[in-house]
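Heads up, the thing below is written out as structure tokens.
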Protein chains: 2
Amino acid sequence: MKRDAFLAIADPTRREIINMIAFHSLNVNTVASHFKVSRTAIYKHLKILSQCGLVQINQQGRERICEAKLEKLQDVSDWIEPYQKVWATRLDSLDNYLHRLQSQNEKIPEQVKKKKPVKRT
Amino acid sequence: MKRDAFLAIADPTRREIINMIAFHSLNVNTVASHFKVSRTAIYKHLKILSQCGLVQINQQGRERICEAKLEKLQDVSDWIEPYQKVWATRLDSLDNYLHRLQSQNEKIPEQVKKKKPVKRT
DNA sequence: TATTTGTGAAACCTTATGGTTTCGTTATTA
DNA sequence: TAATAACGAAACCATAAGGTTTCACAAATA
């Protein structure tokens, strides 16, 4: 049962938990109260997140404060980065191609007409 | 059974498949031959990847060519991006702090000594 | 001290996941 | 035309995932 950041963020509930505690740590009950499912279910998610290193649980009296360790997401972005470069480059080339066409007052083929502004990094 | 890019890349075998076909499309058997598990198992992963929009399968004669659609990874990097900024900023502040210390010829406390060059965006 | 609050863990259930073997079908090719 | 290559799909299996209810226990509080 190998647990990593990829597995951690695969579940939408766990992504929501990250969203919740990313900027301010919360105790288990407070996290759970924002969801429809039971506290125990959320606790299980928190346990998985903590096993994956994405959440650190610190005891404070009878409460356990859940703190997001966002750096662990680096594993995921490291994996994606090279591919992101590829698709960004591809989009950029298309974008440039369209610009060249336009500046030459040529007709843009229907199939490649620009639909959305292209996001750059 | 909602399928998205997060789920697609949660499995290590599927990530390997993406690695394999990212830069050159391959047919199902060729993909499968690189793994220890059966062709059928790989085919199932390919089906999931295609349901998630990360792979497009094009028939060519009796072969099905699997082509990676890397743009779909945008969903994932969009989700991570804001958090990446946060932890990058945190690391940057530490980095700046260390630089200030160094330029003032002060002693760097052991606990915060720089270990790796910090990656910036 | 008695009660409430916040939590961890166990037992259990249903469904999804990842794998297998087997079989049928369509293109190639000998 | 017969054999083989490349699939797709079905049936099946073990285990993991995500959920529930219940119980136990320590800390805070009335």
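In what follows, every chain begins at residue 1, and chains take the letters A, B, ... in the order their sequences are listed.
In the hydrophobic cluster analysis, where Ile, Leu, Val, Met, Phe, Trp and Tyr join through side-chain heavy atoms closer than 4.5 angstrom, I65(A) is grouped apart from L46(A).
Residue-to-nucleotide contacts include a donor-acceptor pair under 3.5 Å from the side chain of R62(A) to the base of dT5(C).
Taking atom CZ of R15(A) as the reference point, atom C1' of dG18(D) lies 15 Å away to the nearest angstrom. Protein atom CD of Q51(A) is 13 Å distant from nucleotide atom P of dG8(C), rounded to whole Å. Protein atom CD1 of I9(A) is 17 Å distant from nucleotide atom C1' of dA17(D), rounded to whole Å. For Q60(B) and dA6(D), the CD to P distance is 14 Å, given to the nearest whole Å. Per the geometry, CG belonging to D11(B) stands 18 Å off P belonging to dT15(D), to the nearest Å. The separation between E63(A) atom CD and dT4(C) atom C1' is 14 Å, rounded to whole Å. The CD1-P distance, from I57(A) to dA9(C), rounds to 10 Å in whole Å. I48(B) places its CD1 atom 7 Å from the P atom of dT17(C), with the value rounded to the nearest Å.
With dG8(D), dA17(D), dG19(D) as the choices, the nucleotide that has an atom nearest any side-chain atom of T13(A) turns out to be dG19(D). When each of dT7(C), dA9(C), dA17(D) is scored by its nearest atom to the side-chain atoms of K47(A), the top-ranked nucleotide is dA9(C).
Put simply, the side chain of Q59(A) gets close to the backbone of G61(A): a donor and an acceptor are under 3.5 Å apart.
Contact of the D4(A) side chain with the D75(A) side chain is not registered, since no non-hydrogen atoms from C-beta on lie closer than 4.5 Å. Residues T13(A) and I42(A) are in side-chain contact: their nearest non-hydrogen atoms beyond the backbone lie under 4.5 Å apart.
OP1 or OP2 of dG18(D) has at least one side-chain nitrogen or oxygen of R14(A) nearer than 4.0 Å. Look at N29(B) and you won't find any side-chain N or O under 4.0 angstrom from OP1 or OP2 of dA5(D). At the phosphate of dA6(D), neither OP1 nor OP2 sits under 4.0 Å from any side-chain N or O atom of N27(B).
The stretch residues 35-45 of chain A comes close to DNA chain D through V37(A), S38(A), T40(A), A41(A), K44(A), H45(A), each having a heavy atom under 4.0 Å from the strand. Using a 4.0 Å cut-off on heavy atoms, none of the residues of residues 18-25 of chain B approach DNA chain D.
In this view, R14(B) and L7(B), D11(B), H45(B), I48(B), L49(B) satisfy the side-chain contact (heavy atoms from CB on, under 4.5 Å) rule, not counting sequence neighbours.
Using a 30° and 60° split on the angle between ring planes, W79(B) and F6(B) fall in the perpendicular class, above 60°.
For the atom pair CZ (R3(B)) and NZ (K47(B)), the distance works out to 9.0 Å, reported to the nearest 0.5 Å. Taking CD of E81(A) as the reference point, atom CD of Q74(A) lies at 8.0 Å (rounded to 0.5 Å). Atoms CG and CZ, on N29(A) and R39(A) in that order, are 6.0 Å from each other to the nearest 0.5 Å.
Sequence order on DNA chain D of the closest nucleotides to Q59(A) and A10(A) puts A10(A) first from the 5' end.
Closest heavy-atom contact between I57(A) and S50(A): CD1-CB, 4.2 Å.
Among the atoms of the strands shown, none is found under 4.0 Å from any heavy atom of L46(B).
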